[in-house]
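Working notes, structure below.
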Amino acid sequence: MKDEKTREAYWRKNLSYLAILLSIWFIVSYLCGIVFVDRLNTIRMGGFKLGFWFAQQGSIYVFIVLIFVYVRLMNKLDKEFNVNED
């Protein structure tokens with residue numbers, strides 16, 4: 001990257017991506033898996049209560065999806081700021 005302002009813009013956008021993705025993970029893992037589990041347990045998914053599913057498997061699946069989303073976003077960001085490794 002050429003100058004300090006470009007680096008700051010790159011880092012700021014990277015941190016915003018991280019904040020959004022970690023917020024999603026927090027909502028799914030903590031709120032859906034612990035706080036709202038009783039309300040979600042009134043809904044069934046594949047024979048299991050939805051709150052139980054989020055606590056046991058859903059947060060892991062969402063985390064894996066978020067990893068792929070982060071990789072895709074960072075590849076686009078790298079190309080935007082011309083720091084890609086291709």
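What you see below is based on every heavy atom in this structure, not just the backbone, and it leaves out hydrogens, waters and symmetry mates.
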Salt-bridged, Arg7 to Glu4, with N to O below 4.0 Å? yes
For the OH atom of Tyr17 and the CG atom of Leu73, what is their distance to the nearest 0.5 Å? 5.0 Å
Are Ile24 and Met74 connected into the same hydrophobic cluster when the rule is that any two of I, L, V, M, F, W, Y join if their side-chain heavy atoms are below 4.5 Å apart? yes
Treating Ile, Leu, Val, Met, Phe, Trp and Tyr as nodes and any side-chain heavy-atom pair under 4.5 angstrom as an edge, say whether Phe48 and Ile34 lie in one connected cluster. no
For a side chain to side chain contact (heavy atoms under 4.5 Å, CB included) check, start with the C-alpha distance between Cys32 and Leu40, then their side-chain angles and the critical distance, and finish with the verdict. CA-CA 7 Å; Cys32 292; Leu40 290 172; 3.8 Å; yes
According to a 4.5 Å side-chain heavy-atom criterion applied to Ile, Leu, Val, Met, Phe, Trp and Tyr, with indirect links allowed, do Leu15 and Ile20 form part of one hydrophobic cluster? yes
What distance do Phe52 atom CZ and Arg44 atom CZ have between them, rounded to the nearest 0.5 Å? 11.0 Å
Can you find a pair of side-chain heavy atoms, one from Phe54 and one from Val28, that are under 4.5 Å apart? yes
Just how far is it from atom CD1 of Ile43 to atom CG of Leu50, taken to the nearest 0.5 Å? 5.5 Å
Once you round to the nearest 0.5 Å, how far does OG of Ser29 lie from CD1 of Ile60? 10.5 Å
Would Leu22 and Trp25 satisfy side chain to side chain contact (heavy atoms under 4.5 Å, CB included), going step by step from the backbone distance to the final call? CA-CA 5 Å; Leu22 287 174; Trp25 190 38; 4.1 Å; yes
For Tyr61 and Trp53, take the angle between the two ring planes, folded into 0 to 90°, and tell me which bin it lands in: parallel under 30, tilted 30 to 60, perpendicular over 60. tilted
Spacing of OG1 belonging to Thr6 relative to OH belonging to Tyr10, to within rounding of 0.5 Å: 12.5 Å
Leu31 vs Phe26, side chain to side chain contact (heavy atoms under 4.5 Å, CB included): CA-CA, chis, key distance, verdict: CA-CA 7 Å; Leu31 295 180; Phe26 172 79; 4.1 Å; yes
Gap between atom CG of Leu18 and atom OG of Ser23 - 0.5 Å precision: 10.0 Å
Do Tyr70 and Asn14 have a side chain donor and acceptor closer than 3.5 Å? yes
Main-chain N/O of Gly51 paired to Asn41 side chain as donor or acceptor, under 3.5 Å: yes
